Every structure is written in C-alpha cells, then in structure tokens.
Number of protein chains: 2
Amino acid sequence: MKTLKIPEATIIRLSVYSRFLAQAERRGIITISSGEIAGGVGVSSAQVRKDLAYFGEFGTRGVGYNVAELYHHIMKILGLTTEWSVVIVGAGKLGSALAMYGGFRDRGFRIRAIFDNDPAKIGEKLEDLEIQTTENLESVLAKSPAEIGVITVPADVAQEVSDKLVAAGIKAILNFAPQVLSVPEDIVFRNVDLSVNLEILTFNLGLPRR
Amino acid sequence: MKTLKIPEATIIRLSVYSRFLAQAERRGIITISSGEIAGGVGVSSAQVRKDLAYFGEFGTRGVGYNVAELYHHIMKILGLTTEWSVVIVGAGKLGSALAMYGGFRDRGFRIRAIFDNDPAKIGEKLEDLEIQTTENLESVLAKSPAEIGVITVPADVAQEVSDKLVAAGIKAILNFAPQVLSVPEDIVFRNVDLSVNLEILTFNLGLPRR
DNA sequence: GACTGTGAAGCCATTCACAGCT
DNA sequence: AGCTGTGAATGGCTTCACAGTC
C-alpha cells in the first residue's frame, strides 16, 4: 500500500467519515464496522475499506474498527491534529463571514488576519480581528507566518492578491474568486466556486425525467 | 450524441468556460478555438471539445467557435438563461453573506427570502431583505414559490430544515451544513462543505516531496 | 493549413467477491 | 460467523490521434 496517488474523492470522504465518527464517539459507540460507517454517510462498505486501505490497516477482522482510534487516525491523515494559521484577503461579505465562520475553528483552523484595500474598512473590527490594509500583508506574514491564504476579493484583483500571498511565503491558497489563477508548482492550491454549485443544481433541474 | 449521463466534471468546466467566454466577448473577440479556451482555463483542448460534444456541434472545422454564440449555448445548457428564485435558511454569518453575495446575482440567481429561528434576528434587514421566522417558510413559499433552497443552519437542525423545504415544494437544495442529509429521490441535491476544502489543503500540505 | 468532432486507447476510481483473521 | 483487506473485474472519464470540413 504505497502512499502514492490518493484520489481527491477519498480525501473528501475521509473528512466526512471523521465527522461521522466524532458523532458516534459522542454517542458512546466503541466499535464500528465499515458497513455501519457506509450506511451513516451514504457510500458502500467496500468504498470505506478501500479508502482506509490507502493509509494502513486500522481494523480487526471479524470485529470492525475502534471508533476513537480510527477517528484519530483519520484526523492525523487529514493533518488536523495540529492548528493551522489562516489569513483572509478580501473583507467583503464572503471574506467577513468566513473569518468568523465557526466551522473552521471547530476543525483547528485559526484565522490570524484579514486584509482589504478599501480605506473605509481598515480598522473595522470583526469580533477580535481588525481589518488591515493589504499593504501590510507581507510585513504581517513576515512577523507571524501563516500556512494558508484565503482569497475572497473580486475576480479582477485575484491574481494580484495571489501573487502577493505567494511572495509573502504562504504555502497553500484557497481561492473563492471566480477567476482562473496561476500559482507556482509548489503552492497547494484549490478553487471553490460557490456559483458553480448553484449552477450544477440548475443544470440538473433542466434535465428531463425527474 | 445522447443526452444521457454527463459527467459532473463536465458541468463544472462548462461553468468555467462560460466565464472565460464572457471575458473574451468583453474584449471584443469574435472567434475562438478549443485550444485558446483550453489555455485560458487550464485544461486540454480535447477536453473542451469532448465537453461540448455532449451537447451538440457548436464549432466550425478549420475556424473555431463563435464566442457570443458558444457563450449563449453554454448558458442555456447550464439553465442560466432564466432567473431562479432562491431562499436561504439560516441567517448566521454564512447565510447572511450568501444572501448578499454578488456572485449569485451576476449569474441570474435571485435571493427571495432568508429565514432564521433566532427571535433576536427576526425583522433584521440585510439590505432590502428582511430576516423572517422559519415558521413562515411554508406560507412564504406557498405565496411565492422558489426553486432552490440553501441550508446554512447548524448541523443538528439541518435535516429538519431540509424536510421543511421539501414539504414546502422546493425543487433543489444546496446544503452548507456539515451533515449528511437524506432527501427524496426527486429533489436535486448538493452538499458544499467549506471546511473540507481547507482540509484538502492541509492533507496536501502534509504530503512529502513538494 | 487550421481546427472540429469522435472512435479507440489509456487511465483512474469504484464495485465485486473472496481469502484471511479473530 | 463476522468483518477486514485486497486482487480482479467493471465502469467512467480523459487523452490520443486522425478523418472530416472549411
């Protein structure tokens, strides 16, 4: 079982499994089978076992998996046993919401700073986070490095912001701007396009026979 | 070219192509080749042609595609030549941000109502949208139907909200709650998990050799 | 000569089915 | 007997390569 080439779909499912296992643990369940996990999250049991097999052997034949143990293994695989520092660029509606979104904090992500280039917004407080000018980006990151940068600026300045984040030494970027960005090979990069999600719905609504 | 079984990845790319074509049209470009589209959005030219081939023949051999025409075809395929009515349930940070997110309006999505069950929030205004109690959900949708419901409530009430939306006659649901939901077969359904996106980054940050 | 449309080949992910433990 | 781990079979998406058209 080589560590090479793990499908992204597997990673997404691992994240779902981890939440299901957390729930199960809270309910006091000690042992769980691949079939029970599968039923709980809506995939096949073979899929669950294959996904886990990429990373090792975590179960006991004839018995199943220890819930707490498997949970911890998965969190470790996902890199969630340590805290991650995140900065957000773009303090519009979306950026501000993400800055205070509890779902990130719950999984160990710490929002360290939020930047914007609108002078009217500088100094504004989002809970205990103060919106700073984008000009400070490099100096702030030099003083307190962050691994992850989130881009929530309009499409036309997204590439510029991305370049700034890279120059400031960020290691990974999550881009919410509906804009194709080019980043160096060694930067971990991912696009999230909220509109696309609605568009997949409307495409399917247009399909015949449902 | 049967209409059957179009890969979801194709739909996502069509959405990206459409934005690229809109940009091209604004720049006054009349004709474009699959290779130029491919270069602009970071896929192969064969991929672009295959994606389009699912839906018909839009190009001219030896020439390429007419930008305006292809753009319109794709928007039609995606179901974006009509307006869609959207309601949001959950007026927390994320729900409020989505309610006012310009990226949706730009693509023809109209947010018609936003609901919450926190009495403190009822009556609050988000621009020209007033937060309503979730109890009104069914009556509001009865009076002015909407096709799409967006769920941005905490995980533990997401299933309940989903059931309410279904009962109120919604046709499609976009779920932002980190919770596996069960919905009837005939409802178009899609999950968006913002945390998962960060977790894919941290998984990749943990990988050796980069 | 340039570029589309598409069958065939290649590649990757999922499902099947069963050997191997407990 | 029950359930994991996994090679083999299947199915689906992407890439290749070229015939067809302008």
Side-chain angles (χ1 to χ4, degrees), chain A residues 1-17 20-21 24 29-71 73-74 77 196 200 203-204 207, chain B residues 1-17 20-21 24 29-71 73-74 77 200 203-204:
Chain A
M1 118 231 61
K2 311 294 300 303
T3 312
L4 229 57
K5 204 72 270 293
I6 286 131
E8 184 168 293
T10 289
I11 306 305
I12 294 172
R13 284 189 298 267
L14 285 178
S15 176
V16 176
Y17 302 160
F20 179 76
L21 290 169
I29 297 167
I30 304 297
T31 291
I32 201 164
S33 70
S34 61
E36 289 168 312
I37 298 173
V41 307
V43 303
S44 74
S45 66
Q47 183 77 80
V48 172
R49 294 197 299 277
K50 257 281 144 71
D51 285 339
L52 296 174
Y54 282 110
F55 303 97
E57 310 193 357
F58 305 117
T60 310
R61 288 164 197 234
V63 179
Y65 304 88
N66 177 286
V67 172
E69 209 177 277
L70 183 58
Y71 172 75
H73 273 301
I74 295 180
I77 291 166
V196 167
I200 294 170
F203 170 78
N204 284 300
L207 248 37
Chain B
M1 116 232 66
K2 309 295 299 302
T3 313
L4 230 58
K5 205 72 271 292
I6 287 131
E8 183 168 294
T10 290
I11 306 305
I12 295 172
R13 284 189 298 266
L14 285 177
S15 175
V16 177
Y17 301 161
F20 180 76
L21 290 168
I29 297 167
I30 302 298
T31 292
I32 200 164
S33 69
S34 61
E36 288 168 312
I37 298 173
V41 307
V43 303
S44 73
S45 66
Q47 183 77 80
V48 171
R49 294 196 302 276
K50 257 281 142 73
D51 285 338
L52 296 175
Y54 282 110
F55 303 97
E57 309 194 356
F58 305 116
T60 309
R61 290 167 197 234
V63 179
Y65 304 88
N66 176 287
V67 173
E69 208 176 278
L70 183 59
Y71 173 76
H73 273 302
I74 294 180
I77 291 166
I200 294 170
F203 170 78
N204 283 300

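Keep in mind that this is a model prediction, so the values were computed, not measured. Proteins come first, then strands; the chains are lettered A, B, ... in the order of their sequence lines, and each starts at number 1. Hydrogens, waters and symmetry mates play no part in the numbers below; they use all other heavy atoms, side chains included.
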From [atom1] of [X] over to [atom2] of [N], roughly how many Å is that when rounded to an integer?
X        : N       : atom1 : atom2 : value
Leu52(A) : dA13(C) : CG    : C1'   : 16 Å
Tyr54(A) : dT6(D)  : OH    : C1'   : 12 Å
Lys5(A)  : dG10(C) : NZ    : C1'   : 15 Å
Glu57(B) : dT21(D) : CD    : P     : 10 Å
Glu8(B)  : dT14(C) : CD    : P     : 13 Å
His73(B) : dT4(C)  : NE2   : P     : 15 Å
Leu14(A) : dA13(C) : CG    : P     : 14 Å
Ile12(B) : dC13(D) : CD1   : P     : 12 Å

Go through Ile32(B) and Phe20(B) one step at a time and tell me if the side-chain contact (heavy atoms from CB on, under 4.5 Å) criterion holds.
CA-CA 11 Å; Ile32(B) 200 164; Phe20(B) 180 76; 3.7 Å; yes
Of Phe58(B) and Asp51(A), whose nearest nucleotide on DNA chain C comes first from the 5' end?
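The residue closer to the strand's 5' end, by nearest nucleotide, is Phe58(B).
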Gly64(B) or Val63(A): which one's nearest nucleotide on DNA chain C is closer to the 5' end?
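So the residue in question is Gly64(B).
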Would you say the side chain of Arg61(A) and the base of dG5(D) hold a donor-acceptor pair, judged only by whether the two atoms sit under 3.5 Å apart?
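Such a pair does not exist between side chain and base.
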With no angle test and no hydrogens, is the base of dT15(C) tied to the side chain of Lys50(A) by a donor-acceptor pair under 3.5 Å?
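A donor-acceptor contact between them is present.
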Would you call the rings of Phe58(B) and His73(B) parallel, tilted or perpendicular if under 30° counts as parallel and over 60° as perpendicular?
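Taking His73(B) first and then Phe58(B), their aromatic rings sit tilted (interplane angle of 30° to 60°).
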Evaluate the side-chain contact (heavy atoms from CB on, under 4.5 Å) criterion for residues Tyr65(A) and Leu21(A): first the C-alpha distance (whole Å), next the side-chain angles of each, then the deciding distance (0.1 Å), finally the verdict.
CA-CA 10 Å; Tyr65(A) 304 88; Leu21(A) 290 169; over 6 Å; no
side-chain N/O [X] vs [N] OP1/OP2, d < 4.0 Å:
X        : N       : value
Ser44(A) : dT15(C) : yes
Gln47(B) : dC13(D) : no
Ser34(A) : dT4(D)  : yes
Ser33(A) : dC3(D)  : no
Arg13(A) : dT14(C) : yes

Nearest-nucleotide pick for Tyr65(B), side chain only, options being dC13(D), dT14(C), dT4(C)
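Nearest nucleotide to the side chain: dT4(C).
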Between dT14(C), dC18(C), dT6(C), spot the one nearest the side chain of Arg49(A), thanks.
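Ranking dT14(C), dC18(C), dT6(C) by closest atom to the Arg49(A) side chain puts dC18(C) first.
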Does atom CD1 of Ile30(B) have more than 12 heavy-atom neighbours from other groups under 6.0 Å away?
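No, the 6.0 Å shell around CD1 holds no more than 12 heavy atoms from other groups.
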Closest heavy-atom contact between Ile74(B) and Leu14(B)?
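In terms of heavy atoms, the two residues are closest at CG2-O, 3.5 Å.
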